[in-house]
Amino acid sequence: MAPARAEELVGELTAFAAEAGSPLEEEFGPAGELADQLTRREGADAVDGPGDGPDTWVWTADALQEVELLARFGGQGWEAERLGRFVCRRDRQTPLRWSYRRETTGGRHREHLTARLATEGWELFGTWGPFAYFKRPEAAVTGPAAQLSAPPARPRRRVYSAPWILVTLAAAVAVAVATVLLAGSGAGLTDGASLAGALVGLTAGGLLGAWARRTAARRHTG
């Protein structure tokens with residue numbers, strides 16, 4: 001990759017990691033593997049001018065929003081190259097729209113599903129737990145109409161997370177910590193109702209999160 005292009009890409013990845021507040025290797029894995037993945041697709045496009053090669057953007061979202069966001073950003077010409085932290089690229093000269101779908105599947109069924117969807121132009125680009133993520137260029141369906149004449153600017157935001165998820169998580173952690181402190185100090189252990197209430201609250205928080213995740217999966221699965 002040309003030095004100017006490499007410098008631009010490293011700056012984008014560093015900015016994302018700083019916003020996420022996590023170590024670089026935790027966010028993107030080993031540097032060598034990430035470099036291989038990023039240069040595999042755009043090595044032939046690398047040029048001396050930083051503004052001539054593909055544009056790159058890194059973002060992440062919670063499971064409740066990611067399918068909707070993938071559809072939105074795919075419509076803006078962003079092709080996801082990496083799952084977990086979505087590392088996306090968009091051709092500056094001829095940007096094309098992309099479609100995405102998330103399926104809940106695993107094992108042999110996932111293999112059969114991947115083979116079947118491949119006949120329709122869908123490509124598996126990542127898996128996470130029970131979810132399998134597929135992408136397809138809109139050109140496979142609409143032809144030249146998939147090209148964008150004036151794509152919007154790259155979004156400035158990189159982290160998309162629903163505030164209520166963070167509040168629920170914080171509440172669950174607070175209940176767990178309080179329970180441990182009570183157990184360690186011996187206070188409240190004779191009050192079975194207090195301890196039971198704390199455990200019920202923690203369990204309810206976990207069940208609420210699981211229910212929301214399953215509901216979102218059913219709603220957004222293709």
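Note that the numbering runs from 1 along the sequence shown for the chain.
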For residues 106-118, run the donor-acceptor check on the side chains, cut-off 3.5 Å, and write out each pair with its distance to 0.1 Å, sequence neighbours left out.
from, atom 1, to, atom 2, distance (Å)
Arg110, NE, Thr105, O, 3.4
Arg110, NH2, Thr105, O, 2.7
Arg110, NH2, Gly129, O, 3.2
Thr114, OG1, Arg110, O, 2.8

Are the side chains of [X] and [Y] in touch, meaning some heavy atoms are under 4.5 Å apart?
X      : Y      : value
Glu123 : Arg136 : no
Gln76  : Pro151 : no
Arg158 : Val58  : no
Pro137 : Leu96  : no

**Under 3.5 Å: donor-acceptor pair, side chain of Tyr100, backbone of Ala80** =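 Yes: the side chain of Tyr100 pairs with the backbone of Ala80.
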**Request:** Please check if any side-chain donor atom of Glu66 sits under 3.5 Å from a side-chain acceptor atom of Tyr133, or the reverse.
**Result:**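 Their side chains do contain a donor-acceptor pair, which is all the 3.5 Å distance test asks for.
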From [X] atom [atom1] to [Y] atom [atom2], the distance as rounded to the nearest 0.5 Å:
X      : Y      : atom1 : atom2 : value
Leu124 : Arg101 : CG    : CZ    : 12.0 Å
Leu83  : Arg102 : CG    : CZ    : 10.5 Å
Phe134 : Glu120 : CZ    : CD    : 10.5 Å

**Item:** Cation-aromatic face contact Arg89/Trp78, 6.0 Å, 45 degrees
**Value:** no
**Message:** Against the six-membered ring of Phe125, is Lys135 placed for a cation-pi contact (under 6.0 Å from the centre, within 45° of the normal)?
**Reply:**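 Output yes; distance and angle both within limits.
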Closest heavy-atom pair and its distance - [X], [Y]:
X      : Y     : result
Gly77  : Arg90 : O-CG, 3.2 Å
Asp91  : Thr94 : OD1-N, 2.9 Å
Arg154 : Thr56 : NH1-O, 2.5 Å
Ala61  : Leu69 : CB-CD1, 3.6 Å

**Prompt:** Is Trp122 reachable from Phe131 through a run of hydrophobic residues whose side-chain heavy atoms are each under 4.5 Å from the next?
**Reply:** no
**Message:** Could you work out, with ring pair (Phe, Tyr, Trp, His ring centres under 6.0 Å) as the rule, every residue matching Phe73, not counting sequence neighbours?
**Reply:**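 Once residues adjacent in sequence are excluded, the partners of Phe73 under the ring pair (Phe, Tyr, Trp, His ring centres under 6.0 Å) criterion are Trp57, Trp59, Tyr160.
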